[in-house]
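Residue numbers start at 1 and run along the sequence shown.
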Amino acid sequence: MIGASSANRRYLALWFPFLSADRLRRQPNGFSAPPDAPIAFVEKVKGALRLAAVDPVAMRLGLAPGLALADARARVPDLAVADHDPAADATLLDALAAGCGRYTPLVAIDAPDGLLLDITGCAHLFGGDTGLAADAEARLIRAGLTLRHALAGTADGAHALARFQTAPAPDEAAAIKRLPVAALRLDPEAETGLKRAGLKTVGDLACRPLAGIAARFGADAVTALRRLLGEAESPIIPRRTEAMIRVERRFAEPIASTDYALAVLTELATEARARLEERKAGGRRFEALFFRSDGLARAIMVETGQPTRDPAVVMRLLRERIETLRDPIDPGFGFDMVRLAVPVAEPLAATQLKLEGGAIHEAEIAALVDRLSTRLGRGRVRRFRARDTHIPEQAQLALPAIATATPAAWVPPAPDEPPLRPIHLFDPPQRIEVIAEVPDGPPHRFRWRREAHEVRRYEGPERIGAEWWRRKDGAVDQPGLTRDYYRVEDVRGRRFWIFRHGLYSEKPDPGWYLHGIFA
């Protein structure tokens with residue numbers, strides 16, 4: 001009996017039993033084999049090649065995943081073999097999940113070959129649960145994918161029905177109880193133990209006391225059974241959280257023009273601006289999704305350095321991103337929906353411009369950073385940010401310029417004073433050989449890069465202790481070493497920033513390092 005906790009929810013499970021083969025067939029020049037040839041995908045397992053997936057023809061010939069390649073070739077001599085590519089399958093599955101976003105924002109990837117959709121409150125837009133499922137099936141079959149689907153009141157129930165149901169049943173509860181115990185997804189030992197005990201179906205197991213099942217087969221068996229029957233919650237984890245603002249446009253007939261889709265996207269950006277104005281917010285991330293009629297979707301995402309709701313700015317960044325794509329947007333059989341989402345937004349209130357135009361200047365810099373980051377990539381344009389630490393090489397971070405988080409503020413230098421730190425730092429510091437050393441004092445002569453330097457003047461020491469509070473647990477008995485920094489000048493007027501790593505009380509023979517060079 002389906003529990004009350006999940007009676008009001010509906011889930012749709014989509015299972016692609018031949019995902020690898022369907023992906024290979026979709027590639028125009030990716031694999032050469034006769035149309036009716038059996039195909040197997042192999043991977044190396046403990047030094048031996050075994051089948052990881054097969055196509056329908058190979059399955060009808062008796063081949064199955066897990067079989068050794070040598071045995072498979074002995075049974076089917078004309079077997080075509082391809083390397084198993086789980087990453088490519090995952091990419092296709094993610095694209096299918098994005099395409100299913102037309103039905104519900106709650107789409108979860110059921111790796112390695114399935115999707116789970118929480119269609120609660122969404123099915124009425126497509127004529128009910130069966131209408132939504134039929135629409136999804138038609139689109140995916142038209143895209144060349146083999147599909148099995150099932151509807152249930154729980155995610156686990158939909159998953160199990162899509163994979164193990166072989167014949168229709170009077171109702172959902174009866175269908176679930178007719179499933180084999182393999183639908184519980186237990187470990188092989190527990191599943192074998194259930195079968196040996198004569199419990200071959202979920203209904204057989206449901207008739208037994210739960211305490212006895214837990215004592216004999218473990219608590220996992222009870223949990224799986226209760227989730228499958230709807231007596232315990234079985235939520236899904238969506239691949240993406242729902243955006244703060246989302247506007248979309250559906251078309252009665254698919255459109256094959258990318259330019260027209262971009263024109264519609266401009267209208268959606270204007271609608272998103274009105275939504276953002278109501279919330280007194282500006283978007284930091286904008287995502288445009290182009291849904292194709294074959295069930296796939298293409299997502300284009302841009303970020304901004306400051307919150308904005310200007311449609312012209314958003315569209316300029318989106319067009320620049322589209323121009324830099326290696327794989328252009330392909331409408332396929334046409335787009336039947338275009339969506340603009342704002343997953344990240346921040347407060348944006350009216351600002352008073354300075355008389356000298358300072359705010360305008362900052363806005364122009366931010367716009368330049370946005371354009372460069374969009375064209376070159378988020379991590380290619382960087383700016384230095386201060387970090388709250390007194391370790392010199394860790395006092396600044398090179399973060400993406402489009403990011404807004406500022407760990408700490410820069411300490412302003414004293415006016416008319418020489419810099420205490422050199423502009424150029426070596427990371428890591430470079431080891432130097434001290435020729436003449438004064439105990440607990442600066443060296444009189446040192447060698448760096450095979451060149452000797454005679455020290456004429458020095459300032460210091462500036463003592464920097466180790467950050468003991470940042471040490472990991474268990475390292476209390478291994479304190480960091482103290483650094484004594486000196487600004488030294490050699491006889492030729494060159495100035496260096498050197499330090500002794502460790503006191504004589506901490507280390508018998510402390511090392512010397514050159515950390516930076518003054519201009």
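- Within the 4.5 Å cutoff, the side chain of Leu115 has no heavy atoms near those of the Leu12 side chain.
- Contact check on Asp89 versus Arg23 returns a salt bridge, with a Lys/Arg side-chain nitrogen under 4.0 Å from an Asp/Glu carboxylate oxygen.
- The side-chain contact (heavy atoms from CB on, under 4.5 Å) check on Arg148 picks up Trp15, with sequence neighbours excluded.
- The minimum heavy-atom distance linking Leu79 with Ala72 is given by the pair CD2-CB, 3.9 Å.
- Salt bridge status for Asp118 with Arg9: present, with a side-chain N to carboxylate O gap under 4.0 Å.
- Checked by atom type and distance alone, the side chain of Arg275 never pairs as donor or acceptor with a backbone atom of Ile245 at under 3.5 Å.
- Within the structure, ring-ring contact (aromatic ring centres under 6.0 Å, His included) pairs that include any residue of residues 254-273 do not occur (at least two apart or interchain).
- At most 12 heavy atoms of other shown residues, nucleotides or ligands fall within 6.0 angstrom of atom CG in Asp83.
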_CA sep, side-chain torsions, deciding dist, call: Leu61, Val54, side-chain contact (heavy atoms from CB on, under 4.5 Å)_ = CA-CA 10 Å; Leu61 294 175; Val54 296; over 6 Å; no
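- Electrostatic pairing of Asp156 and Arg227 counts as a salt bridge here, judged by a charged N lying under 4.0 Å from a carboxylate O.
- A salt bridge links Glu271 to Arg249: at least one charged side-chain nitrogen sits closer than 4.0 Å to a carboxylate oxygen.
- A donor-acceptor distance shorter than 3.5 angstrom exists from the side chain of Arg139 to the backbone of Ser293, with no hydrogens or angles considered.
- Within the structure, ring-ring contact (aromatic ring centres under 6.0 Å, His included) contacts touching residues 96-141 (residues at least two apart or in different chains) are Tyr103-Phe126.
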*asked:* Between Asp85 and Phe41, does the side-chain contact (heavy atoms from CB on, under 4.5 Å) criterion hold? Intermediate values first, please.
replied: CA-CA 8 Å; Asp85 192 349; Phe41 299 83; over 6 Å; no
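- Side-chain contact check for His84 versus Ser20: some heavy-atom pair is nearer than 4.5 Å.
- A donor-acceptor pair is defined here as one N or O able to donate and one able to accept, closer than 3.5 Å; no such pair exists between the side chain of Thr308 and the backbone of Thr304.
- Within the 4.5 Å cutoff, the side chain of Arg25 has heavy atoms near those of the Asp55 side chain.
- Leu268 places none of its side-chain heavy atoms less than 4.5 Å from the side chain of Arg339.
- The pair Arg10-Glu172 meets the salt-bridge criterion, since a charged nitrogen lies less than 4.0 angstrom from a carboxylate oxygen.
- Between Arg102 and Asp135 there is no salt bridge, since no side-chain nitrogen of the basic residue lies less than 4.0 Å from a carboxylate oxygen of the acidic one.
- Of all heavy-atom pairs between Pro307 and Arg284, the closest is N-CD, 3.6 Å.
- Taking the side chain as every heavy atom from C-beta outward, Leu262 and Arg319 approach each other to under 4.5 Å.
- Taking the side-chain contact (heavy atoms from CB on, under 4.5 Å) definition, one finds that Ala221 meets it with Leu186, Ile213, Phe217, sequence neighbours left out.
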*Take Ile236 and Val107, measure what side-chain contact (heavy atoms from CB on, under 4.5 Å) needs, and give me the verdict at the end.*
CA-CA 8 Å; Ile236 64 174; Val107 181; over 6 Å; no
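- Residues Leu96 and Leu145 form a side-chain contact, since some pair of their non-hydrogen atoms from C-beta on lies under 4.5 Å apart.
- Between the side chain of Arg239 and the main chain of Ala108, no donor-acceptor pair closer than 3.5 Å is present.
- In terms of the side-chain contact (heavy atoms from CB on, under 4.5 Å) criterion, residue partners of Glu303 (sequence neighbours excluded) are, by chain and number, Arg285, Met301, Arg378, Ile402.
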_Candidate pair Gln165 and Leu179, rule side-chain contact (heavy atoms from CB on, under 4.5 Å), full reasoning_ = CA-CA 6 Å; Gln165 187 177 20; Leu179 297 177; 4.3 Å; yes
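- The ring-ring contact (aromatic ring centres under 6.0 Å, His included) contacts involving residues 289-309 comprise Phe290-Phe335, where partners must be two or more places apart or lie in separate chains.
- Side chain of Arg50 to main chain of Lys44: no donor-acceptor pair is present (N/O by atom type, distance under 3.5 Å, no hydrogens or angles).
- Two residues are said to be in side-chain contact when any heavy atoms from C-beta on lie closer than 4.5 Å; Asp113 and Leu93 fail this criterion.
- Looking at Arg298 and Leu289, their side chains never come closer than 4.5 Å, going by heavy atoms from C-beta outward.
- Annotation: Asp220, atom CG; neighbour count of heavy atoms from other residues, nucleotides and ligands within 6.0 Å does not exceed 12.
- Judged purely by atom type and a 3.5 angstrom limit, Arg226 uses its side chain to pair as donor or acceptor with the backbone of Glu231.
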